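What follows is a single structure, written as structure tokens, with notes after it.
Keep in mind that this is a model prediction, so the values were computed, not measured. Throughout, numbering of the chain's residues begins at 1 and tracks the sequence. Note that ligands are numbered from 1 as they come in the structure, with each ligand's atoms numbered from 1 the same way. Hydrogens, waters and symmetry mates play no part in the numbers below; they use all other heavy atoms, side chains included.
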Amino acid sequence: MVKVMIFDTHAHYMDEAFAQDRDELLASMKDAGVGTIVEVGASISSTKDAVALSRQYDFVYGAVGVHPEDVEHMTPETVEWLKELTKEPKIVAVGEIGLDYYYEDPTRQVQKEWFIRQLEAAKEMKMPVIIHSRDAAQDTLEIMEEHCDWSQGGVIHCFSYSVELARIYLKKGFYLGIGGVVTFKNGRKLVEVVKEAPLEQLVLETDSPYLTPVPNRGKRNDSRQLTHVVDAIAQIKGISREEVIRVTEQNARRMYRIRG
Ligand code: NI
């Protein structure tokens, strides 16, 4: 029987936090029960890195996109370049893209403009999207209503909003990305969301090197830490750890359209 393995739908292993031991760490993933990882671009340079890493490791896939904090470096040519990259066989999504009003730099107007352009690029290329949205619930939904091709699917990464808003995205067929926050003392809201959402629409994510689950909160995160997130979801839903790993793995493959 094939062992069911964890699928980390969102990581940043090309971050400098992994400069010393990246290859060693990635080589240890299979033995630790981690079967697949998606390296997510968040800037122009980290998008290049995500493509490179997906070429290097058979179990690593990539996503291409520019995070709201970095969009001031974008031009129409950058969008064309992202579209070209989605043609690579191991590039599985456009992201992470979205809005982050926690910081007001770049301005909301600039963030919105490039969010829309990247959503339109994903629509044109028929790709799923990875959405980053912080303190921007209303604007994110409004823009997605107008510019997202819901039928291509995608994930609200690090979902941090209410159960009511979760229901809207779930109804659209989107997935919710669940990571370390579900283990935090102040993660009650997310626990409610996990309770409400069907397991078939949850995916596991680390956002490595950030958001390390309890009991290792504050240390560098990596995909092996997802076992703590699996435990939390299993407990919230009253099901086995194996079921959480198996179903979220299937979900991730369906969402990113990875066969096998
Ligand atoms: Ni991220």
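Counting just the N/O/S atoms of Glu96, the one with the shortest distance to the Ni ion (ligand 1) is named OE2. Of all N, O or S atoms in Asp207, the one lying closest to the Ni ion (ligand 1) is OD1. When the N, O or S atoms of His10 are ranked by distance to the Ni ion (ligand 1), NE2 comes first.
By the 30° and 60° cut-offs, the orientation of the rings of Phe18 relative to Tyr13 is tilted. In this pair, Phe174 and Trp150 present their aromatic rings perpendicular. The plane angle is above 60°, beyond the 30 to 60° band.
Residue side and main chain included, His132 places no N/O/S atom under 2.8 Å of the Ni ion (ligand 1). Contact annotation: Cys158 places no N, O or S atom under 2.8 Å from the Ni ion (ligand 1).
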*asked:* Run the salt bridge (charged side-chain N to carboxylate O under 4.0 Å, His left out) test on Arg241 and Asp231 for me, step by step, so that the C-alpha distance in whole Å, both residues' side-chain angles and the decisive distance to 0.1 Å come before the verdict.
replied: CA-CA 6 Å; Arg241 307 178 68 245; Asp231 284 343; 2.4 Å; yes

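Between the side chains of Tyr175 and Arg254, a donor-acceptor pair is found at a separation under 3.5 Å.
The environment of Glu192 atom CD is dense: over 12 non-hydrogen atoms of other residues, nucleotides or ligands sit within 6.0 angstrom.
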